[in-house]
Every structure is written in structure tokens, then in C-alpha cells.
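Naming: A, B, ... by sequence-line order, numbering from 1 per chain.
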Protein chains: 2
Amino acid sequence: MRNNAGNGGRIRDMGSADGPIGIFDSGIGGLTVLREIVKLMPREDTIYLGDTARVPYGIRSSETVIKYSLENTEFLLENEIKLLVVACNTASAISLDTLKKTTGVPVIGVLIPGAEAAVRSTANKKIGVIGTEATIRSSAYQRAIVSIDPGAEVIGVACPLFVPLVEEGWTDGEIARSVAVEYLSRLKESGIDTLVLGCTHYPMLKGTIKEVVGDGITLIDSAVETAIAVREVLETGGLQKRRNDSPARKFFVTDDPERFRKVGERFLGHGIACIEKVEIPRARQALKR
Amino acid sequence: MRNNAGNGGRIRDMGSADGPIGIFDSGIGGLTVLREIVKLMPREDTIYLGDTARVPYGIRSSETVIKYSLENTEFLLENEIKLLVVACNTASAISLDTLKKTTGVPVIGVLIPGAEAAVRSTANKKIGVIGTEATIRSSAYQRAIVSIDPGAEVIGVACPLFVPLVEEGWTDGEIARSVAVEYLSRLKESGIDTLVLGCTHYPMLKGTIKEVVGDGITLIDSAVETAIAVREVLETGGLQKRRNDSPARKFFVTDDPERFRKVGERFLGHGIACIEKVEIPRARQALKR
């Protein structure tokens, strides 16, 4: 165990290869990212923090989102993570640079892996992005994609009903299909050949979305792309877990563990043994503020 | 004009009859209450505050909801309101007692008028309540109804998709109908004869809900009942507006006036001339904190 729990500062040393992968999201959606990480790297330990008391981040000011992101990161660093995944589109768009500067472990957001995969995938350079109102209005994906390929044309469409549909568990069936048709018809007609699922909830609707947009459009699942990026960083940095014990999965929320369990088990496709409620920001004394 | 703007305290004198009716909500839903107040009392001046920067209240702690409610009230009192309407279910359930104790003007929430109307309406004492997850989980309506009539049986059902449906403007048509059938079928079969629309967004779906539950169930619209309660208090207290000028309608939000305008005009059925963004809590100096 590293001996840095009490330093109270922002700069930490590089995590040890046997530490867990840390993931935070404003709530529950980041579990799709966890799911893909577990699929690709089943032996790795993971620790997930859902900031359910302060969700949604998309309606907060940049200053507030950065503050929350730093506090969540601080908590995960106290738990000795070796790599940080920001599994929240808003936090990825707004706080990634700050987190990279102030955190001594590699930091990966969900935005760039999805944008890069879209640019690799498209043949006609017409890319669609769907997300929450806040994500689409922020133009974060649009900017990320154009910064990689200035010739790309990006069409963003907000799909506000998708998140409540997923949280309700209505991911297939007639209602999900009708809502998807309503949101995606115009996008389909616009001639895009690639569509980024720009919200961590949306992979849960992948089947329905695929059915509605048809085979001519490639779906980019940011959760899958983020997991691939995590694997690359672990490999490059020699940070793969060495111990041979069975993987530990820890879950923390800042509010309402029971709702998190109910919805979260649907996301993961299996039970969650233990969800602990924590207070964030951490008690003042511990951080010497 | 009263000369109490700078006293910095919580206790104010009773508003003058020519002051506006003040209404706050965590966001946009309270506009259904404003709409009914304007219908019933078209000459009265109104001032609406939507705390869009801190929405939703339903996921916050009681302490936080009370703090926000006091801050919103303080702002409205600075604007010389003669009566306060808490057009937010969460704030009505949690902070009404505190507001009544600390505010020198009459305070009316949306919860009690709806609960009272339901008890008056029901013949078989089986009452349904629909609302957001937070409202239903809080059992606030259930408790209010049973405190009026201990013999009443109350069945609560959360309808999380209704708010995004309304904000999207999809209040009729096939999707709204399918979602309503999904939520309300079981409730209809349970034998209730009265159904409380326990969320300020839901009056926008009244047509669809009515169609789905049929004529055998009376819908209680909390917005209508609240407006009736406001009229009674104004009449009883001699607080009806005396001036003969055309009514002033003021709108304030704590974030994103443009979204408020877009969705809000749909709620009101007409344009909103001016929406001002304000900072709440107010700058510290003004409140002498």
C-alpha cells in the first residue's frame, strides 16, 4: 500500500499496478463503461463512484463541474487507484485538462475515445452525435471530432427521453422504438454513415437504435472505445494487474444506494453485492482544509 | 412601496394588496400553476421564479431544499410580493412549515390543495397519486391525504417519463399514449375513483391521461386547486389588487433563460416577453450576511 493517504495535496505518485481502476460518473450511466472495462480486462480490480447526490452535472456551471470532479477524484485517489476513468460526458468535456494536471495517475475521459473512433469509422465524413441536451448544446463532441478531422461534418441531436427510458428499463419494445424513430429519422436522412452514442446511458438502447437507423450507419459506443483506451494505457504503462486473486468490484454512491442497485443491476446484467454511501466532499479534517 | 428591502431579516410585514403574487418552483413546471392563477385572477400582478440552476429539488436533502426555498422566498419578498405560492411538490412537502413561520405573507403550497380536493372528490375512498419518483417515494401526498381522511386508501405510482415527455412537447400522440398506458393500467384496475396529478408538469398531459384512465376516474389538477386556494386567501384577507392598470407578469430564472422561454411558452400557450436571469442566493452584501 502506498503511504500517501494523508498528504492532503493534489499531486500523487503514479499508482501501483496492483491498484484498482477508478471510475466516476455523475450517476449511474458510467456503469456501461465499467461493464466494457470488465469485459476487456476481467482480472482488474475496479472501484466505481456514482455522484448520485449531485447528478445531473450537465446543468451546472463549469466551475462547479470541475470542483465536483476534483472531489470525486480525491476520493478515488484515497482508494489507491492506478488509473482514472471519467465516465461522464459533462465532466470529460469540462474537467479533463484540470484532472490530468493535478492527478498523478493516467486520466481517460469518454469523449476523446468516441470522437477518435468516429473519425476512424466514417467514409463520407458525415458523423452524427446523439446525447443529452447539455452535451449537444456544449458542442463538446462536435469540437473534439473537428479538431481531429477539420473536414468532418458533425450533426448533433439531443435525445432527452433516452436517459429516463433506460433508467425505467424500457430499452426495447414499442415505446423505445417510437421514441428512437422520432429522434433519429431526420438524422438518418441527413446522410451520416457514423453515429456516436454520446451519452453513457445510450449503449443500453443500442439494439433499438441499430434497428431504427439500419445497417448503413455504424454505431460508435463510447463505453467500448473508452475501455479499449484504458487497456492500451495499462499495457503501455506496464500497469496490468499482477496479483492472481479474484477481481474486487467496489461501488460507492453519494446518495440512494437502493435506487442505484435497482437500476445498476440492469446496466450490468448481474447483481451488485455491496454499495456503500459516502460523503463527498470528504469530511474537512481528513483533507486538512 | 414598503420600506423593508434592506432589513436583512426573515420577518416581513404583511404584503400590500397591490403587490404581486409570488410563485417559485425548482424549474418550469410551476408555470401550470401560474397559468391557472392568471386564468382565475387575470388582473393580479405575478412574479415567477424558476430555480433552473438548482433543479431538480427531489434528489436533494431536506436541509438543502429548505435552504433553497428560503433563498427563493427572500428574493420574492424583496420584490414586494403579497402572497407566496410554492409551486414545487418537493419544496411544498419539505419547507412549507418553515416558510410559514419565517415569512410575513400568506404561503400556499401545491400539496394540500390537491390532497383536500381528492378527499372531497372520492366516493369509494380509493385515491391514486402520480408524481415523480422523489414525490412518490416521499409519500408526501399519501400522508397529506390520510391526515385529512384516515379512512382513505392511497396508491402512489411514479411516472418518471412524464416530465421529459412534457418538456419535449410530446403531450399527445402515440408515444405519450403508450407511456400513459404503461404507467396507468395497473392503477386503473386497482379501483380508484380519483387520481391526483401530483406533479406540476402533469396538467400538460391531462388530455392523454384522461383518455387512458377513462371517465370513471376524476382527475385532480393540483395547479387548478392551488389557484382556487390563492383566490380564497386573497378574498378572505382583502388582498385583491385595487389598481386598475394592466397586470404585470415578471419571470426570473437562475439559469438558461432561453430554454425556459422555449419550453415555458408551450406551458403558458403564449409568448413570454422578458425573462431575467438572477443570482440566488443574492449577493452577500445585500443580505448583510
Side-chain angles (χ1 to χ4, degrees), chain A residues 26-28 50-65 132-134 136-138 157-185 199 201 208 253-260 262-263 277 279-280, chain B residues 26-28 50-65 132-134 136-138 157-185 199 201 208 253-260 262-263 277 279-280:
Chain A
S26 58
I28 216 154
D51 191 9
T52 46
R54 306 191 289 191
V55 71
Y57 282 11
I59 58 170
R60 322 251 169 250
S61 68
S62 297
E63 195 186 356
T64 301
V65 171
T132 63
E133 268 185 289
I136 296 303
R137 198 176 40 210
S138 77
V157 172
C159 306
L161 257 85
F162 278 178
V163 166
L165 271 178
V166 168
E167 300 211 344
E168 207 55 335
W170 300 355
T171 48
D172 41 33
E174 207 32 63
I175 292 177
R177 226 190 102 81
S178 306
V179 172
V181 167
E182 192 73 27
Y183 283 134
L184 304 176
S185 298
C199 168
H201 280 70
T208 298
V253 293
T254 50
D255 204 3
D256 206 348
E258 270 323 298
R259 182 172 192 277
F260 186 89
K262 205 183 93 189
V263 181
K277 184 173 164 182
E279 202 181 312
I280 290 184
Chain B
S26 58
I28 214 152
D51 191 9
T52 46
R54 305 190 289 191
V55 71
Y57 282 11
I59 58 169
R60 323 250 169 251
S61 68
S62 297
E63 196 186 354
T64 300
V65 171
T132 63
E133 268 185 289
I136 297 303
R137 197 176 40 210
S138 77
V157 172
C159 307
L161 256 85
F162 278 179
V163 166
L165 271 178
V166 168
E167 299 212 342
E168 205 56 337
W170 299 354
T171 49
D172 41 32
E174 206 33 59
I175 292 177
R177 227 191 102 79
S178 305
V179 172
V181 166
E182 192 73 26
Y183 283 133
L184 304 175
S185 297
C199 168
H201 280 70
T208 298
V253 292
T254 51
D255 203 4
D256 206 349
E258 270 324 299
R259 182 172 191 278
F260 185 88
K262 205 183 92 189
V263 181
K277 185 173 163 182
E279 203 179 312
I280 291 185

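Rounded to the nearest 0.5 Å, atoms CZ (B:R137) and CG (A:D256) are 4.5 Å apart. Rounding to the nearest 0.5 angstrom, the gap separating the CG atom in A:L161 from the CD atom in B:E168 is 6.0 Å.
Closest heavy-atom contact between B:P56 and A:P56: CD-CD, 3.9 Å. What you find for B:P164 and A:P164 is that their closest heavy atoms are CG-CG, 3.5 Å.
When each of A:R259, A:E167, A:E174 is scored by its heavy-atom pairs under 4.5 Å with chain B, the top score falls to A:R259. Contact count against chain A (heavy-atom pairs under 4.5 Å) is highest for B:V55 among B:D255, B:V55, B:T52.
For B:V163, no part sits under 4.5 Å from any heavy atom of chain A, backbone or side chain.
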